Amino acid sequence: MQIFPYRARKLHCEGVALADIARSAGTPCYVYSQSALAANFREFNSAFGDRDRLICYAVKANSNLAVLRLFRDLGAGFDIVSGGELRRALRVKADPGKIVFSGVGKTEPEIDLGLAERILQFNVESAEELAMLEARARVAATTARFALRVNPDVDPRTHPYISTGLRHNKFGVPMSQALPLLRRFRKSKHLRAVGIGFHIGSQITQLEPFLHALDRIRQLARALLAEGFEILNVDLGGGLGIRYRDEEPPNPREYGRAIREASADLPGRLILEPGRVLVGNAGALVTRVILTKRNEGKNFIVVDGGMNDLMRPSLYGSYHHILPETSSRRAVLPADVVGPLCESGDFLARDREIQAVAPGDLLALMNAGAYGFSLSSNYNSRPRVAEVLVKQNRFRVIRERESFEDLIRGERTLPF
């Protein structure tokens, strides 16, 4: 399926011209393909065959309510990392029994909300957090279900900012401390250990790190079973990468087959937390050229989208392929594609060979469906952009562009 095809030299999302969306919704804007979102989920889910599993979409990748509702309707659960994400999942009527609460710094109010909603499990990352969970469950006169997230000390071979499974990362409990910690809380009346898990990072493009971590989890599972602990769920996290430029990540079928075979002797249900692989290629950021300029032999294409709209290039040095809205025979020239913000780090591409453009032209930054809008900000008092969902020949704005009143809501003009 071509998600963003050219038709009559005009770039489309499914059957809708991006120019039509830009005229209606304005620019910059995020555009998502509903068909791609659904196809990505079905492919990932089916990759595990008859293995008992629960696919919990990682809300942090793209938290728009329409996206969450689509995945809910397809049978997904949700991996959430904040009270806000939990409320988003509940707003689309997600089954609390299919929600896992991850994250290294859950607050007491967030824990209380998860307990009140009777979510599937808390993925606990430290002894201190487990003590806090027990205390809040005692106050609520309930029992908290939890899985212990271990840090397997496995190099995911990805950007260091999105590596989460090495011993110097803040996430998880060291393998050597896992069993003693579970023993310590074993007799608690307000805690129930239901599983173990790991999450080693994001945008992982090889199978080996996943399998290495899974092998370490298997060793821990054997030790737990030998002491009579129950393992209802084995949470394998997420992190499967996509192709942005020249990466060659395994496809979901290869990943699913490898995980299924490597986990054949593990008890219980697998929990998978895909994010980027479900939404990344389904979205594009559409931006309009303001002007072009040349400084000392350097070409710049200044667009109305900036690092506040798509942070990944500035934050990670990430690559997003850029397509012109109109395919033409214009000359190709090297240029930086930059935004209007007052930062030298405000760039979307550097030294990129790109078709010559003129003011008013549209460009599309591809594979922007994951960690695009969800990382955006109001820096320089710029309103956050609109989000648009396309289904075949129709489109709908699923988040209105912010107004100035949205920007200043809650502020006061008098200091005292």
Side-chain angles (χ1 to χ4, degrees), residues 18 21-23 25-32 60-64 159-162 203 244-245 276 280 283-325 333-388 397 399-411 413:
L18 292 187
I21 294 174
R23 275 191 293 270
T27 59
C29 66
Y30 278 97
V31 179
Y32 310 123
K60 58 183 173 287
N62 185 322
S63 59
N64 187 281
H159 192 284
Y161 288 4
I162 49 178
Q203 184 51 16
Y244 286 102
R245 189 176 189 178
R276 186 191 314 268
L285 176 65
V286 180
T287 185
R288 191 177 297 277
V289 176
I290 299 173
L291 55 86
T292 62
K293 61 177 291 186
R294 187 174 175 85
N295 282 359
E296 299 291 338
K298 179 88 171 179
N299 298 309
F300 294 92
I301 299 171
V302 184
V303 297
D304 61 3
M307 63 181 284
N308 69 299
D309 304 309
L310 181 61
M311 190 184 294
R312 297 189 69 254
S314 296
L315 184 62
Y316 303 127
S318 301
Y319 177 96
H320 287 270
H321 190 50
I322 299 177
L323 294 177
E325 180 271 331
L333 73 160
D336 285 8
V337 179
V338 300
L341 280 73
C342 288
E343 296 283 345
S344 294
D346 178 29
F347 62 89
L348 300 175
R350 281 179 165 166
D351 298 318
R352 188 73 62 86
E353 294 289 326
I354 192 166
Q355 175 183 296
V357 295
D361 287 354
L362 296 172
L363 298 174
L365 283 86
M366 311 310 296
N367 297 318
Y371 305 102
F373 187 95
S374 64
L375 279 173
S376 65
S377 75
N378 292 124
Y379 184 50
N380 281 188
S381 287
R382 287 168 53 86
R384 288 188 297 174
V385 306
E387 292 180 284
V388 176
V397 174
R399 181 194 291 268
E400 298 286 345
R401 185 179 308 278
E402 289 181 336
S403 67
F404 175 69
E405 293 303 320
D406 293 325
L407 282 178
I408 63 171
R409 182 171 290 114
E411 296 184 32
T413 56

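Note that this is a predicted model, so its numbers are computed, not measured.
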Original post:
If you round to the nearest 0.5 Å, how far is CE of M366 from CD1 of I322?
Top reply: 11.0 Å

Please tabulate, one pair per line, all N/O donor-acceptor pairs under 3.5 Å involving side-chain atoms of residues 335-343, not counting sequence neighbours.
{"from": "D336", "atom 1": "OD1", "to": "K298", "atom 2": "NZ", "distance (Å)": "3.2"}
{"from": "D336", "atom 1": "OD1", "to": "D351", "atom 2": "N", "distance (Å)": "2.7"}
{"from": "D336", "atom 1": "OD2", "to": "K298", "atom 2": "NZ", "distance (Å)": "3.4"}
{"from": "E343", "atom 1": "OE2", "to": "Y379", "atom 2": "OH", "distance (Å)": "2.5"}

Original post:
For V385 and F373, which heavy atoms make the closest approach, and how far apart are they?
Top reply: O-CE1, 3.3 Å

Original post:
Distance from M307 atom CE to L310 atom CG, nearest 0.5 Å?
Top reply: 10.5 Å

Original post:
Is D406 salt-bridged to R384, cutoff N-O under 4.0 Å?
Top reply: no

Subject >> Closest non-hydrogen atom pair between S376 and D309, with its separation >> reply: CB-O, 3.8 Å

**OP:** Search all heavy atoms of R288 against all heavy atoms of A22 and return the closest pair with its distance.
**Re:** NH2-CB, 3.9 Å

Original post:
How long is the span from the CG atom in L18 to the CG atom in L363, to the nearest 0.5 Å?
Top reply: 11.0 Å

Original post:
Of all heavy-atom pairs between A61 and S374, which one has the smallest distance, and what is that distance?
Top reply: O-OG, 3.3 Å

Subject >> Euclidean distance, N378 CG relative to L407 CG, rounded to 0.5 Å >> reply: 5.0 Å

Subject >> Atom pair CG/OH of N64 and Y30 - distance to nearest 0.5 Å >> reply: 12.5 Å

Subject >> Those residues that, when tested against Y244, pass ring pair (Phe, Tyr, Trp, His ring centres under 6.0 Å) (two or more places apart) >> reply: H320

Subject >> Residues D304 and T287: side-chain donor-acceptor under 3.5 angstrom >> reply: yes

**OP:** Check R350 against S344 and note the closest heavy-atom contact, atom names and distance.
**Re:** NH2-O, 3.6 Å

Original post:
Yes or no on side-chain contact (heavy atoms from CB on, under 4.5 Å) for N380 and N308, after CA distance, side-chain angles and deciding distance?
Top reply: CA-CA 8 Å; N380 281 188; N308 69 299; over 6 Å; no

Original post:
Is the backbone N or O of G26 less than 3.5 Å from a side-chain atom of R401, with the two atoms forming a donor-acceptor pair by type?
Top reply: yes

Original post:
Which atom names give the shortest non-hydrogen contact between R312 and A370, and what distance separates them?
Top reply: CD-O, 3.8 Å

Original post:
Can the positive tip of R352 be found less than 6.0 Å from the middle of the six-membered ring of Y319, inside 45° of the ring normal?
Top reply: yes

Subject >> Side-chain donor or acceptor of S314 paired with backbone N/O of G345 under 3.5 Å >> reply: yes

**OP:** For R294, enumerate each residue passing the salt bridge (Lys or Arg N to Asp or Glu O under 4.0 Å) test, keeping only those at least two apart in sequence or located in another chain.
**Re:** none

Original post:
From L362 CG over to L323 CG, what is the distance, rounded to the nearest 0.5 angstrom?
Top reply: 12.5 Å

